[in-house]
Amino acid sequence: MPIAPTISLHDIVQIGPELLLAVAGLLLLVAGAIGKGLEVRDATKVAGIALGLSTAVLLASRWSGGEAEPAPLFGGSLVLDGYAFFWQLLALASVALVVLMSSRDLDRIASRASEYYALLLIATAGAMLMVAALDLLTLWIALETMALSSYILAGIFTHERRSNEAAIKYFVLGALSSAILLYGISLLYGATGTLMLPGLAQAMPAALAKGSRIAPLGGLLVAAGLFFKIAAAPFHYWVPDVYVGAPTPITAFLAGASKLASFAVLGRVFLYAFGGVRVEWQPVVAGIAAASMIWGNLGALTQTNVKRLLAYSSIAHAGYLLIGILAASETGLWAAMFYAAAYAFMTIGAFSVVALLERGEYAGQSCSDYAGLGRRRPFLAASMLVFLIGLTGIPPTGGFFGKVFLFAAAVQAGWTWVAMVGVLTSAVSLYFYFRIVVYMYFTPAAEPDGRVAGEGGAPSFGIMAGIGLCAVVTLALGIFPGPLIAWVEQSLLALR
Amino acid sequence: MSFLAGFLQENGAALLFYLFAGLALAGAVGVVTFRSPMNGALSLLVTFLAVAALFLLRHAGFVGIVQIFVYGGGIMVLFLFVIMLVNLNRLEASERVWRQTPWALLLSLLFAGVVGVVARANWGQASAGSAERLRTLGGEVVGNPQALAGDLFRNYLLPFEIASLFLLVAMVGAVVLGRRE
Amino acid sequence: MNLPSGWSHWSVWSIGTEHYLGLSLLLFGIGLFGVINRRNLITILMSIELMLNAVNLNLVAFSYQRGDLTGQVFTVFTITVAAGEAAVGLGILLAMFRLRQTTRVDTASELEG
Amino acid sequence: MFDWVHGVPILSLICFLPLVGALVVIFALRDPATIRRFAFGVALVDFLLSVPLWFAFDRGGELFQFKEGADWIPSIGVRYELGIDGIALLLVLLTTLLGALAFLSSWSAIREREKEYYTFLLLLQTGMLGVFCALDFFLFYVFWEVMLVPMYFLIGIWGGPRRLYASIKFFLYTLVGSVLMLLGLLALYFWNGRGLFGWTGAGNPLSFSIEQFHRIGPSIPADLQLWIFLALFVGFAIKVPMFPFHTWLPDAHVEAPTAGSVILAGILLKMGTYGFVRFSLPILPDATRRLVPWMIGLSIIAILYGALCAMAQRDMKKLVAYSSVSHLGFVTLGIFALNGPGLSGGVLQMINHGLSTGALFLLIGVLYERRHTRLIADYGGLSAVMPRYATIFLIITLASIGVPALNGFVGEFTILIGAFAQSWAWAIAAMLGIVLGAAYMLWMFQRVFFGPVGHEENRKLPDLNRRELVYLLPIVLLCFWIGLYPKPFFRILEKPVAYLVERVAVPATEGR
Amino acid sequence: MRDLLWLVPLLPLLGALANGLLVGRRASEKTVSWIACGSSGAAALLGVGVIANYLRSGSPRPFALSLWEWMAPGVLPTARGPVNLSIGFGLLLDPLSVVMLFVVTFVGFWIHLYSVGYMAGEPGFRRYFTYLNLFLVAMLVLVLGDGYASMFLGWEGVGLCSYLVIGFYFDRESAADAGRKAFIVNRIGDFALLAGLFALAGRFGTLQFAELSSHIAASADALRAPYVLGLSLAGFVALCLFLGATGKSAQIPLYVWLPDAMAGPTPVSALIHAATMVTAGVYLVVRSNAIFQLAPEISALVAWVGAATALLAAGFALVQTDLKKVLAYSTISQLGYMFLAAGLGAYSAAIFHLATHAFFKALLFLAAGAVIHVLGGEQDLRRMGGLWRRLPTTARTFGVGALAIAGIFPFAGFWSKDAILSAAAASGTSGHWVLYAIGLLTAGLTSFYMFRAFALAFLGRFRGEANIEHHLHEAPWTMALPLAVLAAGAVAAGWLGIPEALGGEDRFGRFLEPVIARVASPKVPAEHMLSHAAEIGFMTLATIVAAIAILLALRIYRAGPERGEAIAKRFPRLHALLVHKAWVDEIYDATIVRGTWSLARLVSRFDAGAIDRGMVEGAGRLTVFSSWLSGLFDRHVIDGLVNFSGWLLDRFSRSLRRVQTGAVSNYAFALALSAFVLVCLYAVWR
């Protein structure tokens, strides 16, 4: 008997941006395999063009879509609602910034440039799909696609011990958490008989009302898997090691696109699928958020390696973002989205600076390597200053507004103690963020002429442009947050 | 004798389940206890095959076959290949993290135990199983593979496509990571 | 075949979802133990496969219990992903072996703190 | 003559002129001498721009004047809203004046990294002015926090030997305070809207408008008021600083460069007390009344404690820093006396303290520039070497210890009248601080200026030069003006103070 | 002419400004002295004119000149309802301020003139005259102020100028110390004074004398009602004001600053620490007499403190060897007299003595200054002697002053001292006979120490160094003229107040009458209840005591200090007590001063230690520690757990010797543990 397809061409067109990325990835692979392969510059260009095109298609399809909330695609596997659109665009933007900062590092693995970009693009496609996924299967497979790419990218410097170690750790722990997540999905499926998020949204309250314990158990295990992905404590053990070991652009990708896409999924699952049983999971999320903020910030306090410090900061920021989910309100969600956007630019900017200053596998990552940066490279130092101010949450940066709104949501929802933890830990965070500032501005450079030996020549235009862009966006979000807020407010999930 | 035959007839499925479950567990225990990776890989194969049989017992014929092909065939070959590639002679015995062993044991048991205890209360609350519907497509009984294909390509086409992307990544990854500079 | 409901109706000889669930939990636990306790990356990879198999058992059992094919479909994907993960994991292992002449993960503990 | 200021967005101009100046310094200027002159020019123009406010301000008119407004973040009701009342007007003038003088004082003191220095100083100026001009609580908060960064750098780069410690301590302290204040602010915001957890709100459209908060404030339930008050209190009290939140102050003061100390003592500390009169009192009258004994108690402790600490100091700057703790204790005492004399005295004392302590730091800076030490023991007999300097130092010292005919007296006198009207015991306890104040200030003065010239290096110290006179004399003149004829200041405070008293008025007691 | 009253303080102010700011450092002494003397002289002349004008108007009604509104800090809740507090700055001319105005400008001008000669050649000439003029301004504001606030401006102003001139020789550590001591001791008094003012303001909502007097008259009973500390409001205010007065007027317990204040130049001592400023306390009490009358218990306290101070200071003066210190204690003692009078309700007598004292004490100081000047700064009486011949003018004028202070008929002191002693005898205050006896004893002591000083300085032979003896010469006319004028005053000033008993009209008392409030008070009877005969009897008694004391002093000290020292040896304890001024300075130093300093150091250490390091850095350290802990968590705690398990297992099995670890395994363990904990927590919750 023939199988009637339920999928139209329309649906295929709708995932055009992701398809474009996948196709570009394939092209890169093919081109890389032919003859001597692609030059780094050319590969970068291809990746950039693919991202640009993808963005253009995404925007075009969004604007042509009109105001009405779009219907689910692929038989309910995918929905391109405003929420998905926001995160997809954010993922594209952060990956674009990652591409801008990549070219410098790629000199070390010139022969793998095309694979590198191909994997990056496919990971992006995975991230874009998972934020739009409407059933757990699609969500999980997209997540796995992104994760697998990340494992490889983290270890792509196969001849470098640190990169390899990062890959091992990330892979082992990632696979373990993935198994836990999967086990949770299987339990959820068993308890509710559905993998569709809308179905879960209806089934969960019913299951709980009937006294089901498998359903919440499955939900918890799913949450644990996602907490791992967003690097929330105490599922964060991989973060410092992997962030330090991975090539810096990939670290930026992990801290940016990967983390944020996972967060988007977490938001969709918790607020939409489990939205009806929020009282069940709110204490868990509160605990995780508080633990992340405390652990991340305290862990960063004694770090001297900037990359590692930023890794711990990334843990802390997972906690801040979780406040938005914890509040389970519109305010909380849009605050988290706003903060995620600001955070993406701040953290990728900061990692870009790290990428620019590091030398080889080990050198140039310590705080003391930033000594005198304010004089040596005023632009770089000033940009870093902006990022650090933003990460601390001081105006006039986007980070400030994000934190304010998140704490506001927590206060409004009655989670004042979490907000307290948040404000106090962000005050603590000042201490380590500004240690870098101290080195940049208050400590004279080690070398009398201000040039540090081996510090990588003239920086490429791309990375400088990326840093500048990040700084400008960070500031712009701090001075005129209105448009972004208006946008995210229209991109909210339908909360239950 | 007839008691035995009757018993077998009545409880054959159960006996088979216990047989394969035992095999699966034994294989699993072998994986985590054998010092030699080669022995571990062979025990893993036992588990794979036993699990495939357990699938069949639950009317998941297609999945069972896939399990045998992919796990028993592909993945196992991959493992063995790598084990040989990295030169078995030079490959150290797979030692344990001894200091962690009791804790790991405790944790694993507790994990399974607690989840089991928590879930226990719900066991059997769901409706009865039905093998029929696992063979039905559009109201017609067509057989498990066809029914599964119907479901897969109608409702889960997108994940299927993404899976292809996933496999591409896996392939590229294996190449990139395995390739000598 | 009516499934008994609750612990008191549990029967040794009528195999229900709970049997599969129990087996799967045991497999999952053993796999977890392997991941935690073994130092050879190959064994760790194999243990992860065990855990995924445990998940598959769950899915198939639930699929049968509910008379719903989705579980089986999911199992197909799980197997696929398991294969992919194995491939990449072994790739990483190869790279590791090339760098360190060993597959013991405890040799990769340079990054700490 | 000054009516034109009503036609232009004068407050925005005043607030953002330094910012524009900072941008120019960053991007357009290179030569240190040019930067110096330019930055001072900007500050001076800013001051000149703010002077017309004094004349154009309608003493009997609206509470808030020169209002400007524009939507900023419409979706959450944040508006860019500026406006000043009499209290803010005085503080704005103080800021622009002290700012300009601080710029001038840095000309010879700062000889490295001038570009950054003046950039930060100008940014700081914008932040402080914004705090005093903002009529939107959120905007206020943004300015409040923005200001931390330049101050941090001023201490951290151009400060003394323990600058790193001092700068991060300053930053951490104030940041902790302000983030807690933020929680209070948010509670107000939500109460104005739909409410927050236990409490049903007023149901108004979302807004951070200070005037709106003033309107709804008294109807906030008393227990919520208490919580909000405490949250705001931490923020303000750290800034003031009130005992026991004061320990950042001596470090920050001592390590900061002269201009930094001047601005820190002269203006930054006022933001805390300004916060009390702008927010705590009118918005949370019930909580204020309830906590008055605590606030007064802390004020008195601060007065005595600061004075006693000051007595034991060997470093001039540290001494003056602790004296600030004591003096600001008077300010908070006056504010929480909750009556006319107390409040207007408190506000006036904010100005007075800004002038006299600012001048003291300028003077110490002059000495430090010549001798590079601030230890009292390294001086002695300077009256003979630097008579002009000694004279001005004496006048400022007297102003600071509250000798009549100088500004300090007017403030302390009115504050104490107000405090005495509330409770004779409070006033008497606080007055002990006056005695101690005379003791430590005169002790310092004597050790520095009297006696034989003990150190050979001090024999050849040059007296004040013309530039130094230019930035010191205006303060001296103002001290005398406020000391002898403070009526214009009281006149300008009349309306806002009456408004505050009306908000928090306690029934008249039997004069105790 | 009266309308020019504002010019009286303004003229010296202009002089001070001119000298201080305008003339510049190279101005000649001549210019400076012309400006200073000119402005003070003009002020004195103008003052006389104003006074004449006021007297001629014939009306006792005070003439008020409101200059500007000083402080208007808003509405104050007072006992009579909310009052829009307005504190004005203005001048007031009434009989009391007329007396004070005259004394201040008159004595002030002559001391200016005297200083021209005395200070010639000093390096701080210009500074000196600036301070002197400033002092005159402040003192004029003090006595002319139309309210407590204006008065307080002058009050603090004179304190400040006193500080400046005491520390005039600032390169001497002792002078600087003395200046600071004066200022701070005065501050302690001011502290109390301010409290009194605040109580008044809190009760009536005003500080203007005119308004206050009407309010007080209207609400006498309310003022007597209990207020705080067991006192009535009037008692509280009176106590506060009196404490303020003890500071400025060097009474027990705050007199310690005055002897040290002699570190300043002598003319300054004459002007500030004898004739004018120190009398401000008396002026304050008399000015506030309405309140004191309502607080009889405080009035009695005033009287007793005054008497005690008078006696004690006279005792100290007996043994001083420093000429200026003798005069300083004499001043304290005489001020005690004035307070005695004021406390007994004899306000006009107090002011009368104040006025006469201003003349003769200024005279004594100036004469002493002339001696010291001539001797090149020598102040020790033991190194003087025999100057009667060498310095005839100085010696004779000093003698006049000494006779005046001793209260010998008909010198000025006789009349004023008599008024006080009569008041004491006639007073209704309990124990007034004791007060009288103290007064009489003090009079005797006064005569004794004064003539002791006279004898030691002017009689006998010169005991100083020979080379000084050759250069002894009489003072220049600028110094001699003031001496002569003041001597005339010391003789004649008392004649203004010849009591009715001796056929006079007590014009002085009559003149002051409008200032003395008539608050009905059962305990304070009207003055002068003694019969004329009794009064004459008391006068005679006092004169006899004084005369005997004079003769005794001359007998003992005519030849030199030796006989006196011999007598002192016979009373070693008493002598030590007096020489060491009853160790009051030492006691204050040991308790209050050191106590405060120790407290300050303690607090400072507490601040640096407990508050800062303890609380803040403790929190900081806790943070760092917990960060270290959490940093270690990844590294050590998990491992520690593992170690612990290893240790545990070691007890069971020796086979587990090989202890190894792998980081990824640990992470995986922790990850699984976290998930497990989540599950467990959930299982517990449900």
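In what follows, chains carry the letters A, B, and so on, assigned in the order in which the sequence lines appear, proteins first and then strands, with residues in each chain numbered from 1. This is a predicted model, so every value here is computed, not measured.
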Mind checking whether [X] and [Y] have side chains closer than 4.5 Å, heavy atoms only?
{"X": "B/Y71", "Y": "C/N56", "value": "yes"}
{"X": "B/L44", "Y": "C/L50", "value": "yes"}
{"X": "C/L90", "Y": "B/L177", "value": "no"}
{"X": "B/V70", "Y": "C/T80", "value": "no"}
{"X": "C/F77", "Y": "B/F160", "value": "yes"}
{"X": "B/L54", "Y": "C/L23", "value": "yes"}
{"X": "C/L27", "Y": "B/T47", "value": "yes"}

Practice item. Could you tell me whether a side-chain N or O of C/R98 sits under 3.5 Å from a main-chain N or O of B/G178, the two making a donor and an acceptor? Key: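 Here the side-chain-to-backbone pair exists.
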
Review point. Can you tell me how far CE of C/M46 sits from CG of B/L45, rounded to the nearest 0.5 angstrom?
Key: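 So the gap between those two atoms works out to 11.0 Å.
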
**Study point:** Check: C/Q72/B/N144 side-chain N/O donor and acceptor closer than 3.5 Å
**Key:**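 Short answer, yes.
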
Point to revise | Criterion ring-ring contact (aromatic ring centres under 6.0 Å, His included) against C/Y20, the qualifying member of B/F20, B/F55, B/F17 | key: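 The ring-ring contact (aromatic ring centres under 6.0 Å, His included) with C/Y20 is passed solely by B/F17 among B/F20, B/F55, B/F17.
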
Is [X] close to chain B through its backbone or its side chain, or both, or neither, when contacts mean heavy atoms under 4.5 Å?
{"X": "C/A82", "answer": "both"}
{"X": "C/V35", "answer": "neither"}
{"X": "C/S24", "answer": "neither"}

Practice item. Determine the option with the most heavy-atom pairs under 4.5 angstrom with chain C, choosing from B/P159, B/A163, B/G113. Key: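 Option with the greatest count: B/P159.
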
**Study point:** Choice from C/V60, C/T78, C/L94 maximising heavy atom contacts with chain B below 4.5 Å
**Key:**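 Heavy-atom pairs under 4.5 Å are most numerous for C/V60.
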
**Study point:** chain C contact via B/L57 - which portion, at a heavy-atom distance below 4.5 Å
**Key:**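 Both backbone and side chain of B/L57 come within 4.5 Å of chain C.
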
Point to revise | Heavy-atom proximity to chain C below 4.5 Å, by part of B/L167 | key: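 B/L167 touches chain C through side-chain heavy atoms alone.
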
